[in-house]
Amino acid sequence: IAKAQSMAKGGDKKFIEEANLLTRIYKWLESGKPVRTMELSDDEKELVKSFFLLTDKPVIYCANVSEDQTGGNEYTKAVEEYAKKEGSEVVVISAKIEEELASLSDEERKAFLDDLGIEEGALPKLITACYKLLGLISYLTAGEKEVRAWTIERGTKAPQAAGKIHSDFEKGFIRAEIVDYPTLLELGSFNAAKEKGKVRSEGKDYVMQPDDVVLFRRIIFQKIEITKNNALPNLRGRLLLKMKNSFLFLFTYYIYFVII
């Protein structure tokens, strides 16, 4: 603050605004309130980001409870009331239950949850809450060898999402064939979903959604080497080879053909 106030004495509007904002922040923190609860203009929010203040960061409150209080109690309600004031989310979690679940097989896990009378552990809820807080989502790709989730920022369009797999997928993007996860789970396979007309084709402006299972169609760039003893069986290749011989270049040429 002292440095900003000193710089502001020169009359520069930028430093005056910075000094005033830092003074407001100091008083706000002195009152026991986090910076994230302050009412700020868009310009002020951008300036606050440059200060890297810990209490400006968004938070999730995790309330740890005993095995028989997964539905919450008076203390979790108090945490929820506190979090509500700053627009934060609360996840009620039993660390003991999560520890047990981590050591069980899928069948044992299901039986254990049934005994407790709950559908799932709290860890998936915590992961979902973290993704939401960070502005992230995941989409899925599914093939014979593996099913994989790819993390992207919410609002990412299809070509950029494809680029998360490989940069060539973004460069050669044609379209995305998409089916939502619940439908794929119900029908059993991508081909079955396509036969039922449940697979839709989306273009470059499509904004990816969390439940998307995607097959990207793309242009494949193939590198072909042309040498004196390797004439290509097409006009373009023969012309390039003739040009090479005409100019007496001794180098090997590389061209890229686009194969759809």
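Because the structure is a prediction, the values reported are computed rather than measured.
Remark: Asp106 engages Arg109 in a side chain to side chain donor-acceptor pair (under 3.5 Å) (not counting sequence neighbours). Take Asp180 and apply the side chain to side chain donor-acceptor pair (under 3.5 Å) test, not counting sequence neighbours, and it matches Thr183. Residues forming a side chain to side chain donor-acceptor pair (under 3.5 Å) with Lys3 (at least two apart in sequence, or on another chain): none. Residues that satisfy the side chain to side chain donor-acceptor pair (under 3.5 Å) test with Glu170, not counting sequence neighbours, are Gln160.
Put simply, the side chain of Leu140 does not reach to within 4.5 Å of the side chain of Asp212, judged on heavy atoms.
With respect to the salt-bridge test (charged N to carboxylate O, under 4.0 angstrom), the residues Arg36 and Glu86 qualify. Under a 4.0 Å N-O distance rule, the pair Glu108/Lys110 does not qualify as a salt bridge. Comment: Glu30 does not engage Lys27 in a salt bridge, judged by the lack of any side-chain N to carboxylate O separation of less than 4.0 angstrom.
Hydrophobic clustering (ILVMFWY, side-chain heavy atoms < 4.5 Å, transitive): Val59 and Leu53 are in distinct clusters.
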*I would like to know whether Lys194 and Val179 meet side chain to side chain contact (heavy atoms under 4.5 Å, CB included); could you show each step before the answer?*
CA-CA 8 Å; Lys194 185 174 288 188; Val179 60; over 6 Å; no

*Passes side chain to side chain contact (heavy atoms under 4.5 Å, CB included), Arg154 versus Leu136? Steps please.*
CA-CA 5 Å; Arg154 185 176 294 277; Leu136 302 174; over 6 Å; no

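Remark: the Tyr139 side chain and the Arg148 side chain contain no N/O donor-acceptor pair separated by less than 3.5 Å. Using modelled atom types, one finds no donor on one side chain facing an acceptor on the other under 3.5 Å when comparing Ser189 with Asn191.
Only one option out of Lys198, Glu177, Glu195 pairs with Phe190 in a side chain to side chain contact (heavy atoms under 4.5 Å, CB included); it is Glu177.
The ring-ring contact (aromatic ring centres under 6.0 Å, His included) analysis of residues 70-99, with sequence neighbours excluded, yields the pairs Tyr61-Tyr82. Each ring-ring contact (aromatic ring centres under 6.0 Å, His included) pair with one or both residues in residues 160-184, not counting sequence neighbours, would appear here, but there are none.
Both tests do not hold together for Lys164 against Trp150: distance to the six-membered ring centre under 6.0 Å, angle to the ring axis within 45°.
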